[in-house]
Amino acid sequence: MLETLRIDKNIKRAKLVRFTFNETEIEAHLGEPLVAALWVAGVRSLRYAPRDEKPRGLYCAMGNCQECAVMINGMKAEACRVVVNEGMVVTSLRGPR
Amino acid sequence: MTQPRARADAGRAAASRTAGEPRREQVEKFDLIVLGAGPAGIEAALTARSLGMRVLIIDEAPQAGGQYYRAPNLAVQDMPSTPEKREGDRLRMRLAEADVQTWFNHRIWSIEPSYRVACATGIHNRLAEAPAMIIATGVVEKVRPVPGWTQPGVMGLAAAAIMVKSYKVVPGKRVLLTGSGPLLYDVATKICAAGGDIAAVVDAVPLSTWMQQTTRLARKPKLLAKGLGWMAYLRARGVKIYRGHALCEVLGSGEADGALIRKVDADWYPVEGQEPIQIDCDTVCYGYGLQPGLDMSRLLGAEHVYKRSRGGWTLKTDRFLRTSLRKVYAAGDVAGAFGIDLAGMRGRLAAYTAAMDGRFIEPKRFRLEAKPLKDALPHSASFGRAVNRLSMPRRGLVAFITPETTICRCESITRSKLEMAIQQGAHSLTTLRSATRCGMGPCGGRYCLSAASTILREELEIDFGDIGIVKGRSPMRPVHIRTFTQDFAYSDLPQRKPPPL
Ligand SMILES: Cc1cc2nc3c(=O)[nH]c(=O)nc-3n(C[C@@H](O)[C@@H](O)[C@H](O)COP(=O)(O)OP(=O)(O)OC[C@H]3O[C@@H](n4cnc5c(N)ncnc54)[C@H](O)[C@@H]3O)c2cc1C
Ligand code: FES
């Protein structure tokens, strides 16, 4: 069993920084895709779908499906196309868009 | 999609622009615009430049490379070198050294005739114009819904590949990989090599179908050996491989937590009397091969053809890669998902054709240099054709879509809703979209419309070729409201009428 989902084998990453997702503090590497940082931290449910209100998360990892949409500093963005920055404030979208 | 608001907002935003800042609505002009900076687009751009054209290449990714040569994420400062990374770095270097304009982090969201390309970068809009374009936007994955597939922890095989290759993250603690095609084994091998735990590899293709394609696959012995190598690697590590089995349900109450698979027949219908097998896992990655991504060409109204051997619906081109539209060319997988081997070659050919049509080179030179490329293509494509036929999702998968299964993820539309609309007369994708909103959500129908086609095919007993594809709409991708309002007025935007019923 892996201790973390981050692949560590001889990979050197940028320094660790902190950001928040729905007010929970998360540590990740500067420049890491936001969705990857959340995934490794065990956060897979990123938003709640309109109508059925069911949780959704990363599906395509290439900016196509919009399932990973979150709010960052008040703007809607795809978590798979945004990279982690120190002090970033991320919250989930809920209900109708 | 947030709709742009009134002109007043735009006016205010424009007025607040500080003096000296470039006016972004200025249109930058080129001889050729290449859409997409994967291997096909890069080779196209480099070739066109060498033939004397002023070239712009655009990609929404932060770096060039496309899917196969996708660069590691920006946090990675150092990593062991791989052949893919070396070749990708070499391509990126050649592009950086060439006198070609590059717009990275620019998402193409609209294209107007003759040809004006609108890109969103951050909250800005940027426009480029050229008499000729090469479309090189690559592929999307073929997906088929099953109950439970909208739960977090379920993703495409392509997504899993990107996680390992670029994010440098293993997709889950215990991963089920299923679907069809080489990506299945490729991703499994990569996860295994990274130390990940694989619950099983479940391949819908029965062994008999594999055997039928081996003669064609054997025309590329190196690639065939690569495939067999993956399988041997997985077996040696004790990974359980099921053939002729398909995913029928993802379990879980909110997030993925297990899955059911079933034995299927040659058409991938569940075999009667065989109980589903439960797989213990927390992550499910599945997909059924690759198909050309037709956002650009659907928006432009180009002609398309349905060809299984090319991955499904694909851009119609002549042998020199001219599409049905004046001075629009197709390069790489968008003109048939034939893979990395052909991508560069098809990029170069498209550039030669564009240069010749634009009178940048003489017909004599064209014949001398471009014809050999054209002549080499059909033979080289035979492997890709065999792979596409092999991975093509068969009809039987529709049996796993229960009435309550969500088809359209964006709008949460179920199979029963679609069937109701079909029974009430929505007999084409366009009418089905208007009646149910399936395909009108922010994904632009990239995933749900092909799934909706399978329902239409089942209900009406027709073929994909008869169902057709729908015309694209602008914006092709969600664009932030400020991209619209900041730099120009709403009335300046392309206004499209709703598609006819
Ligand atoms: C996950 C994955 C793994 C693959 N692995 C293999 C493999 O192992 N072997 C193989 O032969 N083939 C593989 N393929 C198929 C194929 O992608 C490659 O053969 C190759 O990358 C094709 O090159 P291309 O230049 O045609 O397209 P791509 O490499 O896909 O490049 C297209 C580019 O267009 C850009 N783009 C698309 N839409 C927009 C837009 N609206 N705005 C701006 N930019 C846009 C994309 O960001 C991308 O960089 C894989 C595909 C995927 C999805
Ligand atoms: S995961 Fe599909 S858009 Fe981010």
Side-chain angles (χ1 to χ4, degrees), chain A residues 1-17 28-40 42-69 75-78 80-85 96-97, chain B residues 1-2 60-62 67 70 72-80 107 123 140-141 143 150-156 158-164 166-174 193-197 254-256 283 293 406 409-413 441-444 446-447 477-478 480 482:
Chain A
M1 264 289 285
L2 291 170
E3 244 164 67
T4 160
L5 295 181
R6 241 182 225 112
I7 302 170
D8 273 337
K9 282 185 188 164
N10 305 317
I11 295 175
K12 189 171 171 294
R13 291 180 164 87
K15 67 171 184 189
L16 287 167
V17 295
H29 295 276
L30 182 68
E32 210 164 31
L34 175 60
V35 80
L38 290 165
W39 199 265
V40 172
V43 181
R44 306 205 293 179
S45 297
L46 300 181
R47 68 178 183 95
Y48 296 85
R51 279 191 260 285
D52 67 8
E53 286 281 312
K54 298 227 174 94
R56 298 288 177 85
L58 173 141
Y59 180 70
C60 74
M62 56 173 108
N64 275 344
C65 73
Q66 308 300 310
E67 291 285 51
C68 68
M75 261 174 64
K76 200 173 129 183
E78 296 134 26
C80 68
R81 291 195 69 231
V82 171
V83 298
V84 170
N85 243 314
R97 272 170 283 211
Chain B
M1 210 359 262
T2 342
E60 64 180 324
Q67 295 293 358
R70 187 179 285 266
N73 77 78
L74 299 172
V76 174
Q77 296 176 329
D78 194 23
M79 60 170 266
R107 167 174 278 186
I123 53 163
V140 290
E141 191 164 33
V143 305
T150 58
Q151 298 179 95
V154 182
M155 69 182 82
I162 292 167
M163 282 188 103
V164 187
S166 179
Y167 296 3
K168 302 291 174 199
V169 161
V170 171
K173 294 197 182 99
R174 192 168 158 78
D197 184 11
E255 296 189 1
T283 302
T406 299
R409 300 174 75 106
C410 302
E411 302 282 330
S412 305
I413 297 165
C443 91
R446 233 168 257 114
Y447 295 100
R477 305 269 168 121
H480 201 273
R482 281 163 68 189

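Here the structure is a predicted model, which is why all the values come from computation and not from measurement. By convention in this document, chain letters (A, B, ...) are assigned in the order of the sequence lines, proteins followed by strands, and residues within each chain are numbered from 1.
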Chain A heavy atoms under 4.5 Å from B/Val140: which part of the residue, side chain, backbone, both or neither?
-> side chain
Quiz item: cation-pi between A/Arg56 and A/Tyr48, 6.0 Å / 45° | no
Most heavy-atom pairs under 4.5 angstrom with chain B, which of A/Lys54, A/Arg6, A/Arg44?
-> A/Arg44
What residue in B/Lys168, B/Arg446, B/Glu141 has the most heavy-atom pairs under 4.5 Å with chain A?
-> B/Lys168
Let me know if B/Tyr447 has heavy atoms under 4.5 Å from chain A in its side chain, its backbone, both or neither.
-> side chain
Is a side-chain N or O of B/Lys173 found less than 3.5 angstrom from the main chain of A/Leu5, in a donor-acceptor match?
-> no
Any donor-acceptor pair under 3.5 Å linking the side chain of B/Asp78 with the backbone of A/Lys12?
-> no
Against chain A, label B/Glu60 side chain, backbone, both or neither, depending on which of its atoms sit under 4.5 Å from a heavy atom there.
-> both
Side chain, backbone, both or neither: which part of A/Val35 has a heavy atom under 4.5 Å from chain B?
-> side chain
Side chains of B/Tyr167 and A/Glu32: closer than 4.5 Å at any heavy-atom pair?
-> no
Find the one option among B/Gly441, B/Gly444, B/Ala194 whose heavy-atom pairs under 4.5 Å with chain A are most numerous.
-> B/Ala194
Given that the side chain runs from C-beta out, which part of A/Leu58 has a heavy atom under 4.5 Å from chain B: side chain, backbone, both or neither?
-> both
Based on non-hydrogen pairs under 4.5 Å, which of B/Ala158, B/Gly172, B/Ala160, B/Gly293 is most in contact with chain A?
-> B/Gly172
Considering only heavy atoms and a distance below 4.5 Å, find which of B/Ala159, B/Pro152, B/Cys443 pairs most often with chain A.
-> B/Pro152
Take A/Arg47 and A/Glu53, measure what salt bridge (charged side-chain N to carboxylate O under 4.0 Å, His left out) needs, and give me the verdict at the end.
-> CA-CA 9 Å; A/Arg47 68 178 183 95; A/Glu53 286 281 312; over 6 Å; no
Atom of A/His29, atom of A/Val17 and distance for their closest heavy-atom approach | C-CG2, 4.4 Å
Evaluate side chain to side chain contact (heavy atoms under 4.5 Å, CB included) for A/Trp39 paired with B/Met163, printing each intermediate quantity in order.
-> CA-CA 10 Å; A/Trp39 199 265; B/Met163 282 188 103; 3.5 Å; yes
Hey, which of A/Gly57, A/Pro55, A/Ala36 has the most heavy atom pairs under 4.5 Å with chain B?
-> A/Pro55
B/Arg107 (side chain) donor-acceptor with A/Gly63 (main chain) under 3.5 angstrom = yes
Heavy-atom pairs under 4.5 Å with chain B are the metric here; pick the option from A/Pro33, A/Ala77, A/Cys80 that has the most.
-> A/Pro33
